[in-house]
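I have placed the structure first, in the form of structure tokens, so that the comments after it can refer back to it.
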Amino acid sequence: MIVLGSTYLPVMNVLEGKLEDGMILRPFDTNKPLAEQITDVHVLVLGSQQVTAGDIAAAPNLKLIQQHGRGLDSLDRDAAKKAGIKVANVTGGNSIAVAEHSLALILYMAKQFNKMPHSISERISGAPAGMEISGKTLAIIGLGSSGEELAKRAKCLGMRVLATKAHPNVKP
């Protein structure tokens, strides 16, 4: 069985340690079209790669397309369904990473880190001042797994959190 893996190194490292005898793991070659790489592949592990109906048609052995994150918007799901290929994702699988990244961007903007190189080179003391985020309100549109993780972290920093959810009675 051949598995064509993501370009995301942490996923590849985990996959490599879980393969059974006879299974082969190949990484994507970003210099080649996907259709050329999947003619003999049984399992496709996606990162941000686009998978078109043409790619799926070029993969007669393909049985599973696994997205290592949440979204499936880079995949032609109708073509996969017509070809009898199972499609799966990992809902919430990277929610902590997304929340931490979002928080880092919030702090970057609040503390005006983008202005620091200028202040340092011009020897401007006390600039940029930035602002404190404690006591500020954070609005989260879409309180799924990532939104919940962001809300937890924002609350720890003293922020007030408001959020919306498409299905309020469903736990992410």
Side-chain angles (χ1 to χ4, degrees), residues 3-15 17-18 27-28 30 34 38 43-56 59 62-119 126-172:
V3 178
L4 184 64
S6 165
T7 55
Y8 186 58
L9 190 57
V11 169
M12 291 296 283
N13 290 339
V14 169
L15 279 175
K18 301 219 180 253
F28 281 105
T30 56
L34 180 60
I38 60 176
V43 177
L44 180 58
V45 180
L46 292 179
S48 59
Q49 295 78 13
Q50 294 287 319
V51 181
T52 66
D55 295 326
I56 290 169
L62 193 57
K63 302 293 181 230
L64 170 67
I65 299 174
Q66 173 69 55
Q67 172 70 44
H68 67 70
R70 179 168 187 221
L72 293 170
D73 46 344
S74 63
L75 165 67
D76 188 331
R77 287 185 278 174
D78 290 335
K81 185 176 181 177
K82 286 177 187 169
I85 299 168
K86 302 288 185 198
V87 175
N89 64 359
V90 184
T91 302
N94 59 352
S95 58
I96 292 174
V98 170
E100 289 175 351
H101 186 80
S102 299
L103 188 58
L105 293 173
I106 290 167
L107 288 167
Y108 180 86
M109 296 304 293
K111 300 302 179 187
Q112 299 180 20
F113 289 143
N114 58 319
K115 295 180 181 177
M116 281 189 179
H118 173 74
S119 298
M131 70 162 86
E132 291 182 355
I133 62 171
S134 181
K136 301 293 187 278
T137 300
L138 174 64
I140 301 174
I141 311 299
L143 193 66
S145 301
S146 298
E148 279 197 352
E149 293 296 334
L150 176 58
K152 285 183 210 173
R153 285 153 180 76
K155 285 179 182 179
C156 287
L157 293 171
M159 296 185 81
R160 177 176 173 236
V161 176
L162 302 176
T164 63
K165 202 172 172 183
H167 305 285
N169 297 326
V170 176
K171 175 104 174 104

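Only this structure's heavy atoms are used, side chains among them; waters, hydrogens and symmetry mates stay out. Worth saying up front: this structure is predicted, and the values here are computed from it rather than measured.
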message: Tell me if the NZ atom of Lys81 is crowded by more than 12 foreign heavy atoms within 6.0 Å.
response: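 Atom NZ in Lys81 is not packed in, count stays at 12 or less.
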State, to 0.1 Å, how close [X] and [Y] come at their nearest heavy-atom pair, and which atoms those are.
X: Ala59; Y: Ile38; value: CB-O, 3.3 Å
X: Ile140; Y: Gly147; value: CD1-O, 3.6 Å
X: Leu62; Y: Ile85; value: O-CG1, 3.4 Å
X: Ile141; Y: Thr164; value: CA-OG1, 3.5 Å
X: Ala80; Y: Val87; value: CB-CG2, 3.8 Å

For the residue pair [X] and [Y], establish whether any side-chain heavy-atom pair is separated by less than 4.5 Å.
X: Gln67; Y: Leu75; answer: no
X: Lys155; Y: Leu157; answer: no
X: Phe28; Y: Val45; answer: no

Roughly how far apart are [X] [atom1] and [Y] [atom2], rounded to 0.5 Å?
X: Arg153; Y: Leu138; atom1: CZ; atom2: CG; result: 13.0 Å
X: Leu143; Y: Leu162; atom1: CG; atom2: CG; result: 11.0 Å
X: His118; Y: Gln112; atom1: NE2; atom2: CD; result: 12.0 Å
X: Thr52; Y: Leu34; atom1: OG1; atom2: CG; result: 7.5 Å

query: Who are the side-chain hydrogen bond (donor to acceptor under 3.5 Å, both in side chains) partners of Lys152, not counting sequence neighbours?
result: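 Only Glu149 meet the side-chain hydrogen bond (donor to acceptor under 3.5 Å, both in side chains) criterion with Lys152.
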- request: Take Val43 and Lys86 through the side-chain contact (heavy atoms from CB on, under 4.5 Å) test and state the conclusion after the steps.
  value: CA-CA 10 Å; Val43 177; Lys86 302 288 185 198; over 6 Å; no
query: Hey, is the main chain of Gln49 close enough, under 3.5 Å, to the side chain of Ser74 for a donor-acceptor pair?
result: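 Side chain of Ser74 to backbone of Gln49: a pair is present.
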Enumerate donor-acceptor pairs with a distance under 3.5 Å from any side-chain N or O in residues 97-111 to protein atoms, sequence neighbours excluded.
{"residue": "Ser102", "atom": "OG", "partner": "Val98", "partner atom": "O", "Å": "2.9"}
{"residue": "Lys111", "atom": "NZ", "partner": "Met131", "partner atom": "O", "Å": "2.9"}

